[in-house]
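Taking it in order: structure first as structure tokens, then the write-up.
Residue numbers start from 1 in every chain, and the chains themselves are labelled A, B, ... in the order their sequence lines are given, proteins ahead of strands. Atoms considered below: every heavy atom in the structure, side chains included; atoms not considered: hydrogens, waters and symmetry mates. Just so we're clear, the structure is a prediction, and the values are computed from it rather than from any experiment.
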There are 2 protein chains.
Amino acid sequence: MTSAEILAKHDIKPSLPRVLIFDYLRQHRTHPTVDEIYSSLSKRVPTLSKTTVYNTVKLLSAAGIVKTITIEEQQARYDACTDLHGHFLCTDCGGVFDFDTSLPDSRLPHGFTVKTQEVYYTGSCEHCSQKN
Amino acid sequence: MTSAEILAKHDIKPSLPRVLIFDYLRQHRTHPTVDEIYSSLSKRVPTLSKTTVYNTVKLLSAAGIVKTITIEEQQARYDACTDLHGHFLCTDCGGVFDFDTSLPDSRLPHGFTVKTQEVYYTGSCEHCSQKN
DNA sequence: TAATTTAATTGTAATCATTACAAAAGTGAA
DNA sequence: TTCACTTTTGTAATGATTACAATTAAATTA
């Protein structure tokens, strides 16, 4: 399914900036920050505003078609893959990697309603582990 | 074990501000922010600096006796309880609640070394679920 | 104890990600 | 075209965090 179709299905008008940003996230599974999205796209679309990137990732995240990754204090990252998987932050090189995971077995307090579930690990990636 | 003893055991000199801050976190299991810690303690210790709170929670977190909770974009929260449990952010009222959880069954890429593991859920707490 | 070194704390000033907001541009209907 | 509405943009705030230099406190040495 095209990005425009997915946006439309979620009642988001598939304007050019929105399609570009969503496309970028679907094609770059590196958990980019707003700055990375903006820097890459503004080369091809010089009129793009960073505010639009902020607005759009918030919109896509609220619609549930993009996940906001808050594994770092400094800035948020975004992921268009909403299938179940964990995120691993290498505190040496700063990279964020996917890993396979189940959901944990959780007992929530009574009456709580779940919207999102995230599994975050930190440590050292293979490359940085070897250097230490 | 007293806070001072725990600090000493981790080679952290138990200065007054450090003991106060660690004590505060051990007694207030509400996942306070730096601002909340500072506001509460500065009433009794007017000379306390917010920078010291930042320095100290970073120090305690690096020592592994405090967990940094990055479930929100806006600001970090801190938790002196390092036993296994999940954190639930109510996106309506902003509260952060503990819940019982196992660790998920994860397959990490080869060679990765794990330092911390976090399970974050978002949604609505019981109180806010009822209002909706 | 006094002098000296080292570590911890403080206050202020930056930094920088994010948001607020109002103006400009785009879109669609009548 | 004109009007109403939505989206985008640029700039200016906001606010959490960090950098840094100065002060204070603690530990060490003579």
Side-chain angles (χ1 to χ4, degrees), chain A residues 3-4 7-8 10-24 31-63 66-79 89 91 94 96, chain B residues 3-4 7-8 10-24 31-63 66-79 89 91 94 96:
Chain A
S3 294
L7 293 179
H10 287 83
D11 294 317
I12 297 172
K13 197 181 297 181
S15 68
L16 181 62
R18 288 170 177 171
V19 172
L20 284 174
I21 291 164
F22 188 40
D23 257 346
Y24 184 87
H31 318 98
T33 63
V34 162
D35 212 66
E36 286 161 359
I37 300 168
Y38 171 73
S39 297
S40 295
L41 292 181
S42 64
K43 287 174 197 157
R44 301 156 141 268
V45 189
T47 60
L48 183 66
S49 158
K50 197 181 274 191
T51 299
T52 298
V53 181
Y54 274 107
N55 291 341
T56 302
V57 292
K58 179 162 286 193
L59 191 68
L60 302 181
S61 186
V66 155
K67 286 210 149 198
T68 304
I69 303 171
T70 62
I71 198 170
E72 291 177 287
E73 279 191 67
Q74 298 76 29
Q75 82 251 73
R77 296 178 171 276
Y78 298 90
D79 190 347
L89 169 67
T91 51
V96 174
Chain B
S3 293
L7 294 178
H10 287 83
D11 294 317
I12 296 172
K13 196 180 298 181
S15 68
L16 182 62
R18 288 170 176 173
V19 172
L20 285 174
I21 291 164
F22 188 39
D23 257 346
Y24 184 87
H31 320 97
T33 63
V34 162
D35 212 65
E36 287 162 0
I37 300 169
Y38 171 74
S39 298
S40 295
L41 291 181
S42 62
K43 287 175 197 156
R44 303 154 140 271
V45 189
T47 60
L48 183 67
S49 158
K50 197 180 273 191
T51 300
T52 298
V53 181
Y54 274 107
N55 290 341
T56 302
V57 293
K58 180 162 286 194
L59 191 68
L60 302 180
S61 186
V66 156
K67 285 210 150 200
T68 304
I69 304 172
T70 62
I71 198 170
E72 290 176 288
E73 280 191 67
Q74 297 76 28
Q75 83 249 73
R77 295 177 173 276
Y78 297 91
D79 190 347
L89 169 68
T91 50
V96 175

What distance separates B/Leu59 CG from B/Thr52 OG1, expressed to the nearest 0.5 Å? 11.5 Å

One pair to check against side chain to side chain contact (heavy atoms under 4.5 Å, CB included): A/Gln75 and A/Val34. What are the steps and the verdict? CA-CA 8 Å; A/Gln75 82 251 73; A/Val34 162; over 6 Å; no

Rounded to whole Å, please give me the gap between CD in B/Gln74 and P in C/dT18. 10 Å

Could you tell me how far apart B/Asp11 (CG) and C/dA8 (P) are, to the nearest whole angstrom? 11 Å

So, OP1 or OP2 of C/dT9: does either fall under 4.0 Å of a side-chain N or O from B/Ser15? yes

5'-most contact on DNA chain D (nearest-nucleotide basis), B/Lys50 vs B/Lys13, goes to B/Lys50

Do the side-chain N or O atoms of B/Tyr54 get closer than 4.0 angstrom to the phosphate oxygens (OP1, OP2) of D/dT18? no

Side-chain donor or acceptor of A/Arg77 paired with backbone N/O of A/His31 under 3.5 Å: yes

Starting at CD of A/Gln75 and ending at P of C/dT19, how long is that distance when rounded to a whole Å? 13 Å

Among C/dT12, C/dT18, C/dT9, the nucleotide that comes nearest once only the side chain of A/Val34 is considered: C/dT18

Specify the separation, in whole Å, of atom CD1 of A/Ile12 and atom C1' of D/dT7. 13 Å

Using whole Å, report how far CG of A/Asn55 lies from C1' of D/dT6. 12 Å

Separation of A/Ile21 atom CD1 from D/dT7 atom C1', in whole Å? 12 Å

Along DNA chain C (nearest heavy atom to each residue), the more 5'-positioned of B/Arg18 and B/Tyr38: B/Arg18

Which nucleotide sits closest to the side chain of B/Glu73: C/dT18, D/dT9, C/dT10? C/dT18

Between B/Val45 and A/Asp35, which residue's closest nucleotide on DNA chain C lies nearer the 5′ terminus? B/Val45

Is any side-chain N or O of A/Lys58 closer than 4.0 Å to OP1 or OP2 of C/dT19? yes

Is there a side-chain contact between A/His10 and A/Leu60, using heavy atoms and a 4.5 Å cut-off? no

Between B/Leu60 (CG) and C/dA8 (C1'), how many Å, whole number? 14 Å

Quick check on D/dT9: is either OP1 or OP2 less than 4.0 Å from any side-chain nitrogen or oxygen of A/Thr47? yes

Phosphate OP1/OP2 of C/dT10: any B/Thr52 side-chain N/O under 4.0 Å: yes

Whether the side chain of B/Thr70 engages the backbone of A/Thr70 through a donor-acceptor N/O pair (distance < 3.5 Å, no angle test) should be reported. yes

Tell me: CZ of B/Arg77 to P of D/dA16, nearest whole Å? 11 Å

